[in-house]
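Only this structure's heavy atoms are used, side chains among them; waters, hydrogens and symmetry mates stay out. The structure displayed is predicted, hence computed values, not measured ones.
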Amino acid sequence: MQLLPAIDLKAGKAVRLYQGDFAKASVVHEDPIAQAEIFGQAKLSYLHVVDLDGALEGKAVNADLIAQIKVHAKMRVEVGGGIRTLAQIQSYLAAGIDRVIIGSMAVKSPTFVKEALATFGPEKIVIGIDAKNGLVATEGWLEVSQVSYLTLAEKMVAMGVQTIIYTDVAKDGTLTGPNFEHYQRLVETVPNCKIIASGGVHAVSDLVELQKIGVAGTIIGKAFYEGKISLEEMQAVEQKN
C-alpha cells in the first residue's frame, strides 16, 4: 500500500481543514515548498497536493506554487482542486505533475472525464470522490449532490477510470479513524479499480486495517502534522509492500 503525505494549499501556506470547513483551516507550515522537501527526503512514493483556493474558485489558483513544489519535492506528485478544463490538466502535466485529480466535474460533467481519459490516459487522471452521508459533495465540499459515492464510482470505472480517491468528509481532519465500511464497500463494488483512502487516519493501526481491506493507498495529512504517525512509520508501511 502506498502512503501519500498531503499538502493542502490556502493563501500560499500549507493548512489542514476540519471536516472540510474552510473556516477551520489551521496552518501546519508557512512554507509549503520546505514541507515538500521534507517529504521528498523521506522517499515516499507520492505527494498529494490540493489547491483549496482553486477548489473554491474553480481554477488553478496555486499552479505556480505547485510547480515549484514538484521541483523541490523530487517525488511523484498528484494535484487536485479546481480542475475544470482540459487546458488546466495539460498545464499541470506540462509542469511535471504526474497525475491530476478530477473531483466536482466527475459529477457535474461526466463527458469531461471521458475527454480527459481519452486525451491524457487513465494513468494521468484520478477521480476524487468526496461524500457527506454517502452522497457526493462538490465545489470544495460546499454543495451536496443526490448521487451515491458507490454509484459514481461504478460510473467512473465503466468509463475507464483506474484510480479513485475517496474521502468521507465527516472524517476528514478529525483523527477519529477512517470510514472502514465505505472503503470495504468500494473495494467490493469496483474491485478492478485502485482505491486511495483519505480522511480520519490517526494511527498506524488504521493503515494496517485499510491494507487488509485492500485499498491501494492512503493519504496522510493531519495524523502526520500532529505527530500521530511519523515519516519513519510511513516508510516502514510502504517498505512492507
Side-chain angles (χ1 to χ4, degrees), residues 1-17 27-55 60-83 87-103 116 120-128 162-165 167 194-199 201 204 207 210-211 215-241:
M1 181 172 71
Q2 288 185 337
L3 296 185
L4 301 83
I7 295 179
D8 291 357
L9 299 172
K10 189 173 188 294
K13 299 176 181 179
V15 305
R16 294 304 299 163
L17 303 183
V27 176
V28 294
H29 204 300
E30 293 283 343
D31 185 351
I33 294 175
Q35 184 60 66
E37 289 176 336
I38 292 170
F39 289 140
Q41 290 164 5
K43 299 189 183 303
L44 294 165
S45 298
Y46 249 99
L47 178 61
H48 175 79
V49 179
V50 178
D51 182 351
L52 293 176
D53 299 308
V61 175
N62 289 294
D64 291 342
L65 176 56
I66 290 169
Q68 293 180 58
I69 285 173
K70 168 61 181 179
V71 171
H72 288 270
K74 297 181 180 177
M75 61 193 295
R76 287 177 289 178
V77 175
E78 64 180 23
V79 173
I83 308 299
Q88 285 179 358
I89 296 175
Q90 177 61 52
S91 180
Y92 272 133
L93 296 178
I97 299 305
D98 297 274
R99 60 191 188 195
V100 175
I101 305 161
I102 297 175
F120 306 109
E123 70 283 352
K124 296 293 185 183
I125 301 298
V126 176
I127 298 302
Q162 296 178 358
T163 306
I164 290 174
I165 297 172
T167 305
K194 294 178 181 177
I195 302 298
I196 297 177
S198 173
V201 171
V204 173
L207 305 179
L210 287 168
Q211 194 162 21
V215 303
T218 301
I219 293 168
I220 310 289
K222 197 169 186 177
F224 165 76
Y225 291 112
E226 296 204 358
K228 307 294 184 182
I229 299 177
S230 68
L231 284 176
E232 291 74 20
E233 288 172 322
M234 293 167 68
Q235 290 170 320
V237 171
E238 272 213 342
Q239 289 168 2
K240 286 181 181 178
N241 295 284

Between CD1 on residue I164 and CD1 on residue I196, distance to nearest 0.5 Å: 10.0 Å
Side-chain touch F39/H72, heavy atoms, less than 4.5 angstrom: no
For V50 against H48, the heavy-atom pair lying closest together: CG2-NE2, 3.3 Å
Gap separating the OG1 atom of T218 from the CD atom of E238, nearest 0.5 angstrom: 10.0 Å
Intermediate values then yes/no, side chain to side chain contact (heavy atoms under 4.5 Å, CB included), I83 and D51: CA-CA 9 Å; I83 308 299; D51 182 351; over 6 Å; no
Pair I69-V71, side chain to side chain contact (heavy atoms under 4.5 Å, CB included): steps then yes or no: CA-CA 5 Å; I69 285 173; V71 171; over 6 Å; no
Beyond-backbone contact of I229 with V237, side-chain heavy atoms, under 4.5 angstrom: no
Shortest non-hydrogen contact between P32 and I7, atoms and distance: O-CD1, 3.7 Å
Residues in salt bridge (Lys or Arg N to Asp or Glu O under 4.0 Å) contact with K13, at least two apart in sequence or another chain: E30
Gap between atom CZ of F224 and atom CG of L3 - 0.5 Å precision: 12.5 Å
Heavy-atom closest contact (N62 atom, G12 atom, distance): OD1-N, 4.3 Å
Reported CG-to-CD1 distance for the pair L47 and I219, which is rounded to 0.5 angstrom: 10.0 Å
Worked check of side chain to side chain contact (heavy atoms under 4.5 Å, CB included) between E78 and I97: CA-CA 6 Å; E78 64 180 23; I97 299 305; 5.8 Å; no
Salt bridge D98-K70, side-chain N to carboxylate O under 4.0 Å: yes
Closest approach of A67 to A95 (non-hydrogen atoms, all atoms of both residues): CB-CB, 4.1 Å
Smallest separation among heavy atoms of H29 and A34, with atom names: CE1-CB, 3.8 Å
Rounded distance (nearest 0.5 Å) linking atom OG1 of T163 with atom CD1 of I125: 10.5 Å
L9 vs L52 side-chain heavy atoms within contact, under 4.5 Å: no
Side-chain donor or acceptor of E226 paired with backbone N/O of A223 under 3.5 Å: no
Close side-chain approach of Q2 to R76, heavy-atom, < 4.5 Å: yes
Cationic tip of R99 above Y46 ring, under 6.0 Å, 45° of axis: yes
Stepwise side chain to side chain contact (heavy atoms under 4.5 Å, CB included) test for D8 and V28: CA-CA 9 Å; D8 291 357; V28 294; over 6 Å; no
From CG (L207) to CE (M1), nearest 0.5 Å: 5.0 Å
Which atom of S198 lies closest to which atom of I165, heavy atoms considered: CB-CG2, 4.0 Å
